[in-house]
Amino acid sequence: MIGRIGLQQQLAWARATAQALDAYQAAQSVRKLQLGTGTNPLDGWLNTDIVPAGSGVVFLDSTKRFPIEDSSFDYVFSEHHIEHLSYAEGLVTLRESFRVLRPGGRIRIATPSLETLIGLYTAPINELQQRYIRFITDTFLPDVQTYSPVFVLNNAFRNWGHQFLYDRATLQQTMEQVGFVEITSPAPGTSDDPNLRGIDSHGDFIGNEEMSRFETMVLEGRRP
């Protein structure tokens, strides 16, 4: 999408980001960076996206070097964002997140779980899996006339601009490769860190909190 946006617009966004970053860092002692904000700007966070939507969100392309100094943030949060990047682009995002975090800083990644989606092929599927298949089909696949995991899985891979879906082991391995330690997997909406608790909003976006929690996995890690 960004390639179709004019150079002047990108330069204007970059200037606005620099100004917003200076103001944010001057005002906040605990600094928190959200990537891929979409329509969920969070109070007290520097909210960024590749195409800023609404006030309070500034431009940042997470597939390139962040315009942020080393070791200057305490938290990074990415919700249903990394799956929109190729694996190589996601690796850049994680490396840059690690770079800008202070020692002891933490990252929270929420993303669709490939294991959960593949699990729709278990036989027999349970009642929650059945409800998920019906929800996705009824809500997002109006031309589909049957409730089948085939369509739900293809929707997850091919729609929404998704590029790479992770299973838990692959995302954890990639985070560890970058340098993160103490990887944990809290349930959506939960965290042992109050700064990372209750900030997820994907359920609001799709209109069903239960289905959001079903499809989403969360990993948190710490920069040593």
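Computed from a predicted model, the values in this text were never measured in an experiment. Start at 1 with the first residue, then count along the sequence.
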_Distance (rounded to the nearest 0.5 Å) between T48 OG1 and F77 CZ_ = 11.5 Å

_Test of understanding: with ring pair (Phe, Tyr, Trp, His ring centres under 6.0 Å), list the residues that count as partners of F214, not counting sequence neighbours._
Y132

*asked:* How long is the straight-line distance from CZ of F66 back to CG of L21, given to the nearest 0.5 Å?
replied: 12.0 Å

*Side-chain contact test, heavy atoms from C-beta onward, threshold under 4.5 Å: evaluate it for V218 versus I109 and give yes or no.*
no

*Within a strict 4.5 Å, meaning less than it, do heavy atoms of the L153 and F157 side chains meet?*
yes

_Checking the side chain of S71 only, and the main-chain atoms of R102 only, is there a donor and an acceptor separated by less than 3.5 Å?_
no

*Under 3.5 Å, is there a donor-acceptor pair linking the side chains of T216 and H80?*
yes

*asked:* Treating T146 as the side-chain partner and S148 as the backbone partner, does any N or O pair qualify as donor plus acceptor under 3.5 Å?
replied: no

_Tell me if a side-chain donor or acceptor on S201 pairs with a main-chain N or O of D204 at a distance below 3.5 Å._
no

*Find the distance between OG (S62) and CG (L35) and round it off to the nearest 0.5 Å.*
5.5 Å

*Between H162 (side chain) and E83 (backbone), is there a donor-acceptor pair under 3.5 Å?*
no

*Verify whether one side chain among H202 and E215 offers a donor that lies under 3.5 Å from an acceptor in the other.*
yes

*Quick one: CG on N154 to CG on L117, what's the gap to the nearest 0.5 Å?*
11.0 Å

*Could you list the residues that satisfy side-chain hydrogen bond (donor to acceptor under 3.5 Å, both in side chains) with S78, not counting sequence neighbours?*
H81

*Mind checking ring pair (Phe, Tyr, Trp, His ring centres under 6.0 Å) for Y75 and listing every partner two or more places apart, or none if nothing turns up?*
none

*For the side chain of N47 and the backbone of L42, is there at least one donor-acceptor N/O pair under 3.5 Å apart?*
yes

_With sequence neighbours excluded, residues passing side-chain hydrogen bond (donor to acceptor under 3.5 Å, both in side chains) with T116_ = S113

*Please tell me if the side chains of W45 and T37 come closer than 4.5 Å, counting only heavy atoms from C-beta onward.*
no

*Looking only at heavy atoms, which two atoms of V76 and S97 are closest? And how far apart?*
CG1-OG, 3.7 Å

*Quick one: list whatever passes side-chain contact (heavy atoms from CB on, under 4.5 Å) with T122, sequence neighbours left out.*
I125, Q129

_Under the rule for side-chain hydrogen bond (donor to acceptor under 3.5 Å, both in side chains), what residues qualify as partners of E115, not counting sequence neighbours?_
none

*Which is it for R108 and D200 under the salt bridge (Lys or Arg N to Asp or Glu O under 4.0 Å) test, yes or no, and what are the steps along the way?*
CA-CA 10 Å; R108 178 182 178 91; D200 304 350; 2.8 Å; yes

Just list the side-chain donor-acceptor pairs under 3.5 Å for residues 135-143, sequence neighbours left out, or say none.
| residue | atom | partner | partner atom | Å |
| --- | --- | --- | --- | --- |
| T137 | OG1 | I133 | O | 2.7 |
| D138 | OD1 | Y147 | OH | 2.8 |
| D138 | OD2 | Y147 | OH | 3.3 |
| T139 | OG1 | F135 | O | 2.7 |

*Can you list the residues that meet the side-chain hydrogen bond (donor to acceptor under 3.5 Å, both in side chains) rule with D49, with sequence neighbours excluded?*
none

Side-chain atoms of residues 171-180: list all donor-acceptor pairs with protein atoms under 3.5 Å, sequence neighbours left out, distances to 0.1 Å.
| residue | atom | partner | partner atom | Å |
| --- | --- | --- | --- | --- |
| Q172 | NE2 | E176 | OE2 | 3.1 |
| T174 | OG1 | Y87 | OH | 2.9 |
| T174 | OG1 | T170 | O | 2.7 |

*If you measure from CD1 on I50 to CG on D61, what distance do you get to the nearest 0.5 Å?*
4.0 Å

*May I ask you to decide if G105's main-chain N or O and D74's side chain share a donor-acceptor pair within less than 3.5 Å?*
no

*Keeping to residues at least two apart or across chains, list the side-chain hydrogen bond (donor to acceptor under 3.5 Å, both in side chains) pairs with something in residues 182-192.*
R106-D192, R168-S185, E182-R222, S191-E220

_Please check this pair: side chain of H84 against backbone of W160, looking for a donor-acceptor N/O pair closer than 3.5 Å._
yes

*Taking S72 for the side chain and I68 for the main chain, is one N or O donor matched with an acceptor at less than 3.5 Å?*
no

*Report the residues that fulfil salt bridge (charged side-chain N to carboxylate O under 4.0 Å, His left out) with E210, sequence neighbours left out, ordered by chain and then residue number.*
R131

*What residue pairs, at least two apart or across chains, pass salt bridge (Lys or Arg N to Asp or Glu O under 4.0 Å) with a residue in residues 30-46?*
none

*Is there a side-chain contact between N40 and E79, using heavy atoms and a 4.5 Å cut-off?*
yes

*Please check if I118 and M211 belong to a single hydrophobic cluster, counting links between Ile, Leu, Val, Met, Phe, Trp and Tyr side chain heavy atoms closer than 4.5 Å.*
yes

